[in-house]
Peer 1: 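Sharing a structure, written as structure tokens. Questions coming.
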Amino acid sequence: MLPIDAAAHSSRWRRRHPAEKALLGFGLTLCAVSLPPWPGAVLVGAATLAVLLGPAGVPGRALWRAFRVPLGFCVTGAVPLLFQVGGGQGLVALAPDGPVHAAELLLRSASASLGVLLFAFTTPVSDVLPRLVRAGVPAPVVDVALVMYRIVFLLLDALAKIRQAQAARLGHTTRAAAWRSLAGLGATAFVRAFDRAHRLQSGLAGRGYDGTLRVLVPAAAVSRPFLAATGALLSGLVALTLVLERFLP
């Protein structure tokens, strides 16, 4: 199991309805994208961090490990805005407003990523997918997603065991041995993926699969106080941003 999935299953908000957490997480993401970067994205990012580390109870180390990957993409996307191609200053030169645009993009994308992580760290995928059928998503699409979600973890576990066996047999001592081990790892993973799929198909056929995977969904009621607090937080961020925008340069 990936660290973010383990954190979602052990989250304080594990028993809350996914719709509540979706409204909060994606609401903060929408605010980060739509509000002005300064001070809107900064306020949204600070509020999201406070919720993650406070009421949601997400460990700071786990949050940083998950956040540094999208943060790297955010930085990579912001760096090109610092330069311009062509013009009177040469083939490649610093853009006049490049630092401002890069900072705005970085603030918005980083804050939006935190909003998505808030939902991911508090809501297991196994709680969301079965409920999508009630939301109008076709059942076969949800079934494929459930199966792929299961197979991904099985393959990751198999890859970890294969790499451990290769390391125990000195398969990574030299560059040539490492390349051979990598080729063997890819070939074995390819064969095992088809074997897992065949075994899964046989198991479903033996259980009378009729085109729909029926799973038990934990009962969860929508909390009106939580929804009210979410609405108050989002409205407060929007109002505070509009007020501060008049006084801050």
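Keep in mind that what you see is a predicted model, and the values were worked out from it rather than measured. Worth knowing before you read on, the calculation uses all heavy atoms, side chains too, and leaves out hydrogens, waters and symmetry mates.
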Peer 1: side-chain contact (heavy atoms from CB on, under 4.5 Å) with Ala102: which residues, sequence neighbours excluded?
Peer 2: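 Expected list: Ala78, Leu81, Leu82.
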Peer 1: Is there a donor-acceptor pair under 3.5 Å between the side chain of Ser235 and the backbone N or O of Ala232?
Peer 2: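 The answer is no, because no donor-acceptor pair under 3.5 Å joins these two groups.
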Peer 1: I need the single residue from Thr230, Thr122, Leu118, Val58 that forms a side chain to side chain contact (heavy atoms under 4.5 Å, CB included) with Val51. Which is it?
Peer 2: Leu118
Peer 1: For the atom pair CE (Met148) and CG (Leu155), what is the distance rounded to the nearest 0.5 Å?
Peer 2: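 With rounding to 0.5 Å, CE (Met148) is 8.0 Å from CG (Leu155).
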Peer 1: Go through the steps to decide whether Leu49 and Leu63 satisfy the test side-chain contact (heavy atoms from CB on, under 4.5 Å), and finish with yes or no.
Peer 2: CA-CA 9 Å; Leu49 275 176; Leu63 176 60; 3.8 Å; yes
Peer 1: Can you tell if the side chain of Pro55 reaches within under 4.5 Å of the side chain of Arg12, non-hydrogen atoms only?
Peer 2: no
Peer 1: Can you pull the ring-ring contact (aromatic ring centres under 6.0 Å, His included) pairs that have at least one residue in residues 52-84, sequence neighbours excluded?
Peer 2: none
Peer 1: For the pair Trp13 and Phe226, evaluate ring pair (Phe, Tyr, Trp, His ring centres under 6.0 Å) and give the outcome as yes or no after the intermediate values.
Peer 2: CA-CA 11 Å; Trp13 290 354; Phe226 189 91; 5.2 Å; yes
Peer 1: What distance do Leu159 atom CG and Thr188 atom OG1 have between them, rounded to the nearest 0.5 Å?
Peer 2: 9.0 Å
Peer 1: Would Ser113 and Leu71 count as a side-chain contact (heavy atoms from CB on, under 4.5 Å) if you check the C-alpha gap in whole Å, the side-chain angles of each, and the deciding distance to 0.1 Å?
Peer 2: CA-CA 8 Å; Ser113 300; Leu71 181 61; over 6 Å; no
Peer 1: State the CD-CG distance between Glu245 and Leu240, to the nearest 0.5 angstrom.
Peer 2: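 If we round to the nearest 0.5 Å, Glu245:CD and Leu240:CG are 11.5 Å apart.
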Peer 1: CG of Leu43 to CG of Leu35: how many Å apart, nearest 0.5 Å?
Peer 2: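 If I round to the nearest 0.5 Å, the distance is 8.5 Å.
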Peer 1: Working note: Leu114 + Thr29, criterion side-chain contact (heavy atoms from CB on, under 4.5 Å); need CA distance, chi angles, decisive distance, verdict.
Peer 2: CA-CA 8 Å; Leu114 285 174; Thr29 301; over 6 Å; no
Peer 1: Is there a chain of hydrophobic side chains (I, L, V, M, F, W, Y, each step under 4.5 Å between heavy atoms) that links Leu23 to Val128?
Peer 2: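 Different clusters: Leu23 never reaches Val128 through Ile, Leu, Val, Met, Phe, Trp or Tyr contacts under 4.5 Å.
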Peer 1: Among the clusters formed by ILVMFWY side chains lying less than 4.5 Å apart, do Val42 and Leu53 turn up in the same one?
Peer 2: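 The answer is yes; both residues are in one hydrophobic cluster.
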Peer 1: Which pair of non-hydrogen atoms, one from Leu185 and one from Gln166, has the smallest distance, and what is that distance?
Peer 2: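 Taking Leu185 first and Gln166 second, the nearest heavy atoms are N-NE2, 3.7 Å.
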Peer 1: Are Val75 and Val33 connected into the same hydrophobic cluster when the rule is that any two of I, L, V, M, F, W, Y join if their side-chain heavy atoms are below 4.5 Å apart?
Peer 2: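 As far as the 4.5 Å side-chain criterion goes, Val75 and Val33 are not connected within one cluster.
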Peer 1: Work out which heavy atom in Ala56 is nearest to a heavy atom in Ser11; give both atom names and the distance.
Peer 2: O-OG, 3.8 Å
Peer 1: Between CD1 of Ile4 and CZ of Phe121, what distance do you get to the nearest 0.5 Å?
Peer 2: 4.5 Å
Peer 1: Out of curiosity, does Leu237 fall in the hydrophobic cluster containing Leu52 (side-chain heavy atoms, cut-off under 4.5 Å, transitive links)?
Peer 2: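 Yes, one cluster joins them.
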Peer 1: When you group the ILVMFWY residues by side-chain heavy-atom contacts below 4.5 Å and let the links chain together, are Leu233 and Leu30 in the same group?
Peer 2: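 Leu30 does not cluster with Leu233.
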Peer 1: Which atoms form the tightest heavy-atom contact between Ser34 and Arg108, and what is the distance?
Peer 2: O-NH2, 4.2 Å
Peer 1: Give the minimum heavy-atom separation between Ala32 and Ala41, together with the two atoms involved.
Peer 2: O-CB, 4.4 Å
Peer 1: Atom CZ of residue position Arg14 - does it have more than 12 heavy atoms of other residues, nucleotides or ligands inside 6.0 Å?
Peer 2: yes
Peer 1: Using modelled atom types only, decide if a donor and an acceptor are shared between the side chain of Glu20 and the backbone of Ser223 within a distance under 3.5 Å.
Peer 2: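 Answer holds: yes.
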Peer 1: For Lys21 and Arg16, work out which heavy atoms get closest and say how close.
Peer 2: NZ-O, 3.4 Å
Peer 1: Of all heavy-atom pairs between Gly115 and Thr48, which one has the smallest distance, and what is that distance?
Peer 2: N-CG2, 3.9 Å
Peer 1: Going by heavy atoms in the side chains, are Val238 and Leu234 under 4.5 Å from each other?
Peer 2: no
